[in-house]
S.K.: 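Sharing a structure below in structure tokens format, with a few things to ask.
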Amino acid sequence: MTSQTLREARKYEEASEKMISRELRPGFHLSVRIGWMNDPNGFSFYNGKYHLFYQYHPYSSSTGPMHWGHGVSTDLLHWEYLPAALAPDEFYDRDGCFSGSAVALQDGRQLLMYTGVLRERQRDGGLCEIQTQCVAVGDGVDYEKYEGNPVLDEKDLPEGGSRFDFRDPKMWRREDGTYGCVVGNRGADGSGQILLYTSPDGFCWSFKKVLIANHNRFGSMWECPDFFQLDGKWVLLTSPQDMLPQGFEYHNGNGTLCLIGDYDQETDTFTEEYDQSIDYGIDFYAPQTVETPDGRRVMIGWMQNWDACGIRTPQELWSGQMSLPRELSVVNGRLYQRPVRELEALRKNKTEYRDVMVSGEIRLEGIRGRKADMELDIRPGSKDGLYRKFAVRFAQNEQYRTSLSFRPHESVLKIDRKFSGSRRAIVHQRRSLVRSEGGELKLRIILDSFSAEIFVNDGEQVLSVTMYTDLAAEGISFFADGQVSMNITKYDLSEE
Ligand code: FRU
């Protein structure tokens, strides 16, 4: 039975999405149907389609009582909206249906697991959010919340675990047909820990152990965990709050963390070996993965960050888009990301140049546009010394530009959207240390109307940024202080 709250949200989204014209949305990134979007939820493959749900407040372009929006796709790039899947309509989720995940049950139904939020007045007069884990079951469009909800609450926490920071369940089906689930929690030391739960059927869950504790090393609370095996290693993804930077790794505020190690399935022991940021740009948070039918591990993130949401003004009809889906791999203890191969089907109008000499600013015939896939190989253009700086500028006209620049002496790649049209005092730049020998660098830049995702050295690092520059600014130029020799292959990306 659909509740009144959900019926209203469904009616509202259907009526108001018409106010947003197609050109004012990204071409092949999922954006919110109307209003506000944050984390990807329930990323799954079910009945022949990819399902991607998201944190959703349809009624304004800022955060509010969370619903789950819903999209489906066959290629991860063309998305069709389905009616909102969940609304905050029960006593245990009255103040929000927070992030969670989806699996297919043995009987063919789809199970969603999410965090129910209930605000409770404390003795000091303040409000605290009680967070519990809840499930809903459905057919890929309509979902019924389980009468036994919540399925996990404070009784299922380890000693010292906070009932106010207990969220974002990510489930998976285990080889023996039972289910596993990781949930973010705040431990007794005030920082994050990831709890492991198991279930025979997806409805009845029991606490197994603390899979890993932060011990105040990487930020504080850990949100949105994901845990999976990849290329012979185990990978734990999480989004820590209140991060401190460590050299060029991580950045202040809401960050992303990837831990790579080994996992003993007998004793449920995760041994961490390597750590790194997941994304080195500005707008990326709360990623979640799916295993595709052909065995790829694909990750998608919210292409926005709580600290820089101000890039969108409250007057906008939509705020929030997802990143490009990215194929993951682990090579020598490092997480690599590449745009999903399905993107290649969107390529049109190839333009290619070999050994272009760049010195000062140049433009190249055929290289412009806001939806593009560009592969660049750069190297020093002269034998007498390294160039000082190389830059690609895009979304450019007389007034605007976003620049990606590389200084080989420091091996630092910088993204800068200060001149992208933003009128807010938020972070506009980020620097990343990249691997380069003798001034050589390989970049793949994916532009889609309001974003740029930069894949460095075949996916060794990625920098994601949004820029809401006037779409008339579609120039692309290249700049070198010194001499750079460049190969470039560029395609237009067209979702038609
Ligand atoms: C992460 C997060 C989650 C929570 C959701 C609420 O961005 O804070 O921890 O479930 O957003 O919308």
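Remember, it's 1-based here, ligands and their atoms both numbered in the order they're listed. Side-chain atoms are counted along with the backbone in the values below, which use heavy atoms only and exclude waters and symmetry mates. Along the sequence shown, residues carry numbers from 1.
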S.K.: With a cut-off of 4.0 Å, which atoms of ligand 1 are near a heavy atom of Tyr285?
M.R.: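 In order of number, 1 (C), 7 (O).
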S.K.: Numbering the atoms of ligand 1 from 1, which are under 4.0 Å from a heavy atom of Gln55?
M.R.: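 Near Gln55, meaning under 4.0 Å from one of its heavy atoms, ligand 1 has 5 (C), 6 (C), 12 (O).
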S.K.: Determine whether a donor-acceptor pair (N or O, by modelled atom type, separation under 3.5 Å) exists between the side chain of Ser199 and the backbone of Asp201.
M.R.: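 Side chain of Ser199 to backbone of Asp201: a pair is present.
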S.K.: Where is the nearest protein heavy atom to atom 9 (O) of ligand 1: which residue, which atom, and how far?
M.R.: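 I find the closest protein heavy atom is Asp168 OD2, 2.7 Å.
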S.K.: Does the distance from a Lys or Arg side-chain N to an Asp or Glu carboxylate O, for Arg163 and Glu129, drop under 4.0 Å?
M.R.: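 Judged by the 4.0 Å cut-off on N to carboxylate O distance, Arg163 and Glu129 do not form a salt bridge.
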S.K.: For atom 8 (O) of ligand 1, what is the closest protein heavy atom, and at what distance to 0.1 Å?
M.R.: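 Scanning the protein heavy atoms, the shortest distance from atom 8 (O) of ligand 1 goes to Glu223 OE2, 2.9 Å.
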S.K.: Report the C-alpha separation of Arg370 and Ser451 in whole Å, then their side-chain angles, then the decisive distance to 0.1 Å, and conclude whether the side chain to side chain donor-acceptor pair (under 3.5 Å) test is met.
M.R.: CA-CA 9 Å; Arg370 289 286 284 273; Ser451 63; over 6 Å; no
S.K.: Among all protein heavy atoms, pick out the one at the shortest distance from atom 2 (C) of ligand 1; state its residue, atom name and that distance to 0.1 Å.
M.R.: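 Its nearest protein heavy-atom neighbour is Asp39 OD2, 3.3 Å.
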S.K.: Quick one: does Thr115 get a heavy atom under 4.0 Å from ligand 1?
M.R.: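 For ligand 1, residue contact (heavy atoms, under 4.0 Å) with Thr115 is absent.
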S.K.: Provide the number and element of each atom of ligand 1 under 4.0 Å from a heavy atom of Met66.
M.R.: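 Ligand 1 atoms under the 4.0 Å threshold to Met66: 12 (O).
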S.K.: Measuring centre to centre across the rings, with the benzene-like ring taken for any Trp, is Tyr197 within less than 6.0 Å of Trp205?
M.R.: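 So the answer is no for these two rings.
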S.K.: Check the pair Gln429 / Lys418 against side-chain contact (heavy atoms from CB on, under 4.5 Å), numbers first and verdict last.
M.R.: CA-CA 7 Å; Gln429 296 181 353; Lys418 193 165 59 256; 3.1 Å; yes
S.K.: Can you list the atoms of ligand 1 that are under 4.0 Å from a heavy atom of Ser99?
M.R.: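 Counting atoms of ligand 1 from 1, those under 4.0 Å from Ser99 are 5 (C), 10 (O).
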S.K.: If you draw the axis of the six-membered ring of Tyr468, does the NZ or CZ of Arg312 fall within 45° of it and under 6.0 Å from the ring centre?
M.R.: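 Yes, Arg312 and Tyr468 form such a contact.
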S.K.: If the cut-off is 4.0 Å to any non-hydrogen atom of Asn38, which atoms of ligand 1 fall inside it?
M.R.: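 Matching atoms, with element in brackets: 5 (C), 6 (C), 7 (O), 11 (O), 12 (O).
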S.K.: Report the C-alpha separation of Asn254 and Asp307 in whole Å, then their side-chain angles, then the decisive distance to 0.1 Å, and conclude whether the side chain to side chain donor-acceptor pair (under 3.5 Å) test is met.
M.R.: CA-CA 7 Å; Asn254 291 286; Asp307 291 309; 3.2 Å; yes
